[in-house]
Amino acid sequence: MSEMFRITLPDGSVREVAPGTTPADIAAAIGPGLAKAAIAARVDGELRDIGRAFEGDAQLALVTSKDEADALELARHDYAHVLAEAVQALWPGTQITFGPATDDGFYYDVMAPASRDPFSMDDLPAIEEKMREIIRADKPLRREVWSREALIAKWQADGERFKAEWAAELPEGEELTVYWSGSDWLDMCRGPHLASTGKLDPQAFKLMRVAGAYWRGDQRNAQLTRIYGTGWLNRKQLDAHLHKLEEAAKRDHRRLGQEMDLFHLQAEAHGSVFWHPKGYLIWRELEAYMRRAIDAAGYREVKTPQVMDARQWEQSGHWGKYRENMFVIPDEVPNTEDEGPIVSNEADWMALKPMNCPAHVLIFRQGIKSYRDLPLRLYENGCCHRNEPHGALHGLMRVRQFTQDDAHIFCREDQIVTEVQAFCELADRIYRDFGFTYSIKLALRPEKRFGTDAMWDKAEAELRDAVMRAGLATAEYGWEELPGEGAFYAPKLEWHLTDAIGRTWQVGTIQSDRVLPERLDASYIGEDGERHRPVMLHRAIFGSYERFIGILIEHFAGRLPVWLAPVQAVVATIVSDADAYAGDAVAKLKAAGIRVESDLRNEKINYKVREHSLAKVPYLLVVGKREADEGTVAIRTLGQEGQKVVALDEAIAMLAKDAAAPDMRS
């Protein structure tokens, strides 16, 4: 008799099974309900096919659609394979490459056959219909292990040069697997997959768009077509997602930024923002607000150089670990002659700073610091540059030039938890002032890092303790620990804001760092008269002004809080007889500190109301002859029906109160 395998279930019970038994067999043995519901299995923590046989003793947890994260990953992976199969069925000769799951769906990179043009949006309806046909056919998805030689030969015979190239480069000794869809189509894949295509809901996916992509992401290689889709477990989830995308499109900060005349971007400065007067007013309000907050919290504002010698970045460690994201500059006068290279090969190198931290250490090192000087909190609205790929740039959300609300706290070991706790409380007040809810995550040590395990143990424990003391390490605040997500020099706390339509944005961070002070030789004189290393806390709340403004525009759909609105009120006339009164009203509103404009054009009032509503002006003060005679205004509030007539002085008092920043209200 063959040796039996011991399979341990989550409740601790053990089942002895024969070799060849699968998780599906165990589900069936437990009961028909579970057999129907189980879609995959976790075997010793690894997600696997429900029909893949056990290879020895194992821990088993059956996966159902209630395990939504795993279920969505499986479904989206399957949708990607069905997409590739559908494209090849419709257009034989199409070459396929790879198709992973994404955060909300899937994509597949393909090359159209020579007989037709690259795939376009016009092809998507036909592909969708073919995908539904494959799903309804309920084709079994079956795993096989192949030899390298057999797999390469298969791809070469089928004219799949991309797949053949990839298979030839996989590490020696790596198990090569394919998955069959029925008996007539296969793809190279590690898996896992659902048991059959019929486990997918044919009404729970939608192909969204096509885009160009290069084989292996290299523009020197062949150009492919990337077909994107979104995939879900059921139609209800798909509809909710599509509605969310529709809302997001209405809130797109790039469109609203143009409509509201806030900023623009253009190719002459890839990834850098041209701020218009109205957009820069928002920036200035945020900057003033943040300065009041950091002044009250005991920070000292500094300003550091944009360009520093490469040797400084070498010493900090960024030159070795971050150089591909830095803009480097030769330290020499460029050649002005027509002939010859612009720069020589002999120049020293400098770099635009991608971050402010090394410069703040250099300020800390000026003069002798005592333990009594700590904590020292240095703040900078620091302009930084990072060499992001052109294709990764996205409006204000991902740029090359950005300004951080950056600060570094130099403190003693015994001050760390208190300082981090104080920062948690400061961030909480600020996010609540903007109306955001948030969750906090602790990003733990990555695989590649500086420092000893003992150093990381201590740093992670300090951040964890500070959040607990602040009362924020709870389910209410979405507390979670993220293995491997820390920076190379320190663990970090992350603040993830939730916006009006449920999207999350990672913005604020604080990192406990013992590495950089060591590498850059920062020290202070302790109570014992000896030199000691400070601990350096890296922290930001907005993250960057550019991205935070983008988030605000989308969160409020352009209807910014009155204190942030570039134009807080417009006084609009019904008839020209009220022009003089409108001018007086504007003067009084300006004197009260309100950003106000007048609209005296010879246009119908309904036209003016519509135009200023589209411009997202919070208040429209309408005046005609009656209002001029009575010293009143008719107030229309953005987003509300109707109007109310009040005395001008009362309107000014109301607007002045509403226009005050949240930290300035009594």
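Numbering of residues begins at 1 and proceeds along the displayed sequence.
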As an exercise, state the distance from CD1 of I430 to OH of Y289, rounded to the nearest 0.5 Å.
4.5 Å
Inter- and intrachain pairs under salt bridge (Lys or Arg N to Asp or Glu O under 4.0 Å), touching residues 59-75, at least two apart
R42-D70
I'd like a table of donor-acceptor pairs (distance under 3.5 Å, sequence neighbours excluded) in which one partner is a side-chain atom from residues 656-663, with atom names and distances.
unit_1: D658; atom_1: OD2; unit_2: Y619; atom_2: OH; d: 2.4
unit_1: D663; atom_1: OD1; unit_2: R292; atom_2: NH2; d: 3.0
unit_1: D663; atom_1: OD2; unit_2: R292; atom_2: NE; d: 2.7

Within a radius of less than 6.0 Å around CZ of R300, do more than 12 heavy atoms belonging to other residues, nucleotides or ligands occur?
no
So N356 and V302, do their side chains get closer than 4.5 Å, heavy atoms only?
no
Check step by step if side chain to side chain contact (heavy atoms under 4.5 Å, CB included) holds for W232 and L72.
CA-CA 6 Å; W232 301 86; L72 281 170; 4.0 Å; yes
Go through E597 and V617 one step at a time and tell me if the side chain to side chain contact (heavy atoms under 4.5 Å, CB included) criterion holds.
CA-CA 10 Å; E597 295 178 353; V617 176; over 6 Å; no
For residues T474 and W479, determine if any side-chain heavy atom of one lies less than 4.5 Å from a side-chain heavy atom of the other.
no
Answer whether the closest heavy-atom distance between the side chains of L516 and S316 falls below 4.5 Å.
yes
Nearest 0.5 angstrom please: W456 CH2 to S512 OG, how far?
9.5 Å
Partner residues of R449 under the salt bridge (Lys or Arg N to Asp or Glu O under 4.0 Å) criterion, sequence neighbours left out
D453
For D44, what residues pass the side chain to side chain donor-acceptor pair (under 3.5 Å) criterion, not counting sequence neighbours?
none
Tell me, which pairs form a salt bridge (Lys or Arg N to Asp or Glu O under 4.0 Å) where one or both residues lie in residues 470-479, sequence neighbours left out?
none
Those residues that, when tested against E247, pass side chain to side chain donor-acceptor pair (under 3.5 Å) (two or more places apart)
K250
Tell me, do D499 and F556 make a side-chain contact under 4.5 Å, heavy atoms counted?
no
Keeping to residues at least two apart or across chains, list the ring-ring contact (aromatic ring centres under 6.0 Å, His included) pairs with something in residues 496-518.
none
Hey, would you say the Y477 and W495 ring centroids sit under 6.0 Å apart?
no
Can you tell me if Q568 uses its side chain to pair, donor with acceptor, with the backbone of L655 under 3.5 Å?
no
Between D252 and E554, is there a donor-acceptor pair closer than 3.5 Å when you use the side chain of the first and the backbone of the second?
no
More than 12 heavy atoms from other groups under 6.0 Å of CG on D414
yes
Using 4.0 Å as the upper bound for N to carboxylate O, is an ion pair formed by D433 and R429?
no
With a 6.0 Å cut-off (strictly less than), is the heavy-atom count around CD of E447, excluding the residue itself, greater than 12?
no
Looking at every non-hydrogen atom in both residues, tell me the closest pair between S65 and A71 and how far apart they are.
CA-CB, 3.9 Å
Please round to the nearest 0.5 Å and tell me the distance separating atom CD of E287 and atom OG1 of T403.
8.0 Å
Below 4.5 Å, heavy atoms only, C-beta onward: do P100 and Y107 meet side chain to side chain?
yes
Look at the side chain of R559 and the backbone N and O of P618, then say whether any donor-acceptor pair between them is shorter than 3.5 Å.
no
Report the residue from H408, H360, K492 that forms a side chain to side chain donor-acceptor pair (under 3.5 Å) with H538.
H408
Enter the distance from I594:CD1 to L589:CG here, rounded to the nearest 0.5 Å.
4.5 Å
Please check if the distance between the ring centroids of F410 and Y524 is under 6.0 Å.
no
Nearest 0.5 Å, what's the CE-CD1 distance between M397 and I551?
5.5 Å
Examine R400 relative to F327 and say whether NZ or CZ is less than 6.0 Å from the centre of the six-membered ring and inside a 45° cone about the ring axis.
no
Enumerate the salt bridge (Lys or Arg N to Asp or Glu O under 4.0 Å) contacts for residues 509-525, please, sequence neighbours excluded, ordered by first and then second residue.
E413-R514, E462-R514, E518-R533, D521-R531, D521-R533
Around atom CD of Q266, are there more than 12 heavy atoms from other residues, nucleotides or ligands closer than 6.0 Å?
yes
Centroid separation F402 to Y545 less than 6.0 Å
no
Nearest 0.5 Å, please: how far is CG in L442 from CG in L482?
7.5 Å
Under the rule for side chain to side chain donor-acceptor pair (under 3.5 Å), what residues qualify as partners of D295, not counting sequence neighbours?
none
Residues that H264 engages under ring-ring contact (aromatic ring centres under 6.0 Å, His included), provided they are two or more places apart
F274, H276
Any salt bridge (Lys or Arg N to Asp or Glu O under 4.0 Å) pairs touching residues 373-397, not counting sequence neighbours?
K353-E380, R377-E419, E388-R398
I'd like to check the side chain to side chain donor-acceptor pair (under 3.5 Å) partners of E480; sequence neighbours left out, ordered by chain and number.
K441
Is the number of heavy atoms from other residues, nucleotides or ligands within 6.0 Å of CZ (R372) greater than 12?
no
Within-4.5 Å side-chain heavy-atom neighbours: R503 and H555
no
